[in-house]
Amino acid sequence: MISTRQLTYRYAGGAELRFDNVDVPQGGVLLLRGASGSGKSTWLALAAALLAPGAGDITVAGQSMSALGKVAGDAWRAKTIGFLPQKLHLSAALTVHGNLAMAQWAAGQAQDDTRIREVLAALDVGELAARKPAQLSGGQAQRVALARAVLLQPKVILADEPTASLDDTAARQALALLQAAAQRHSATLVIATHDTRVEANLDRQIGFQPMSLMGKKL
């Protein structure tokens with residue numbers, strides 16, 4: 001679940017962003033709509049404990065972000081948040097399998113090859129385990145990044161502009177994969193986008209909330 005109250009953030013020398021209150025149940029979907037620069041990525045960073053609120057509070061999976069320090073925040077994020085960035089950030093030096101293993105190491109977990117194989121197979125990219133990112137198509141790379149995001153069975157999946165560079169067919173497939181992965185793990189899903197196709201292609205489910213915020217600059 002995600003709940004925010006009077007949430008604000010101010011970048012050094014910039015205007016203050018004030019965000020609307022939000023309540024999303026566990027397993028629900030929050031769609032953050034808005035133009036580039038409207039605060040969507042800031043909201044995601046606050047939800048992932050990458051930024052600390054200037055005021056107000058955001059509670060994610062039962063944890064108040066205001067109460068987390070940096071070290072505790074890193075550990076909490078590794079086991080709670082699955083992040084699908086717009087730029088996929090797959091390590092070019094590692095295989096697909098190695099990229100997922102690195103996520104386990106970063107979370108302080110032992111490498112679990114069985115779990116890696118299961119997640120890749122669930123997203124139909126199991127046969128790509130030995131390839132490196134340069135050997136993947138754009139769609140394959142996105143599936144691998146999604147596999148990495150759900151590998152540790154996160155309680156929350158954050159997706160930043162997941163359809164921005166995709167054609168209509170690929171966009172529909174990406175959104176279906178995101179929702180299926182979230183439902184499989186009963187994860188709360190947050191999608192930040194300025195793509196008008198996203199809402200039209202999302203399946204409605206319990207807890208679905210489209211929200212055109214984004215931060216009000218004051």
Does [X] reach the main-chain N or O of [Y] with its side chain, forming a donor-acceptor pair under 3.5 Å?
{"X": "R197", "Y": "A171", "result": "no"}
{"X": "R10", "Y": "G14", "result": "yes"}
{"X": "Q153", "Y": "H185", "result": "no"}
{"X": "S3", "Y": "D23", "result": "no"}
{"X": "R77", "Y": "A48", "result": "yes"}
{"X": "R33", "Y": "T193", "result": "no"}
{"X": "Q26", "Y": "K155", "result": "yes"}
{"X": "Q179", "Y": "A176", "result": "no"}
{"X": "T95", "Y": "G98", "result": "yes"}

Handout entry: Member of D113, V144, L128 meeting the side-chain contact (heavy atoms from CB on, under 4.5 Å) criterion with H97
Key = D113
Problem - Among L30, I157, V29, the one residue meeting side-chain contact (heavy atoms from CB on, under 4.5 Å) with V190 - result: L30
Taking a hydrophobic cluster as the set of Ile, Leu, Val, Met, Phe, Trp and Tyr residues connected by side-chain heavy atoms closer than 4.5 Å, whether directly or through intermediates, do [X] and [Y] fall within one such cluster?
{"X": "L31", "Y": "L175", "value": "yes"}
{"X": "L166", "Y": "L189", "value": "no"}
{"X": "W76", "Y": "L51", "value": "yes"}
{"X": "I191", "Y": "L88", "value": "yes"}
{"X": "L68", "Y": "I2", "value": "yes"}

Problem - Residues in side chain to side chain contact (heavy atoms under 4.5 Å, CB included) contact with D57, at least two apart in sequence or another chain - result: T59, S64, S66
Handout entry: pair V198-D195: side-chain heavy atoms closer than 4.5 Å
Key = yes
Practice task
Take atom CD of Q6 as the centre, draw a 6.0 Å sphere, and report whether it contains more than 12 heavy atoms from other residues, nucleotides or ligands.
Solution key: no
Practice task
Inspect the surroundings of CZ in R184 and state if more than 12 heavy atoms from other residues, nucleotides or ligands are less than 6.0 Å away.
Solution key: no
Completion exercise
Closest heavy-atom pair, A103 versus R148, reported as atoms and distance to 0.1 Å, is CB-CG, 4.0 Å
Problem - Pair W105, Q111: side-chain N/O donor-acceptor within cut-off below 3.5 Å - result: yes
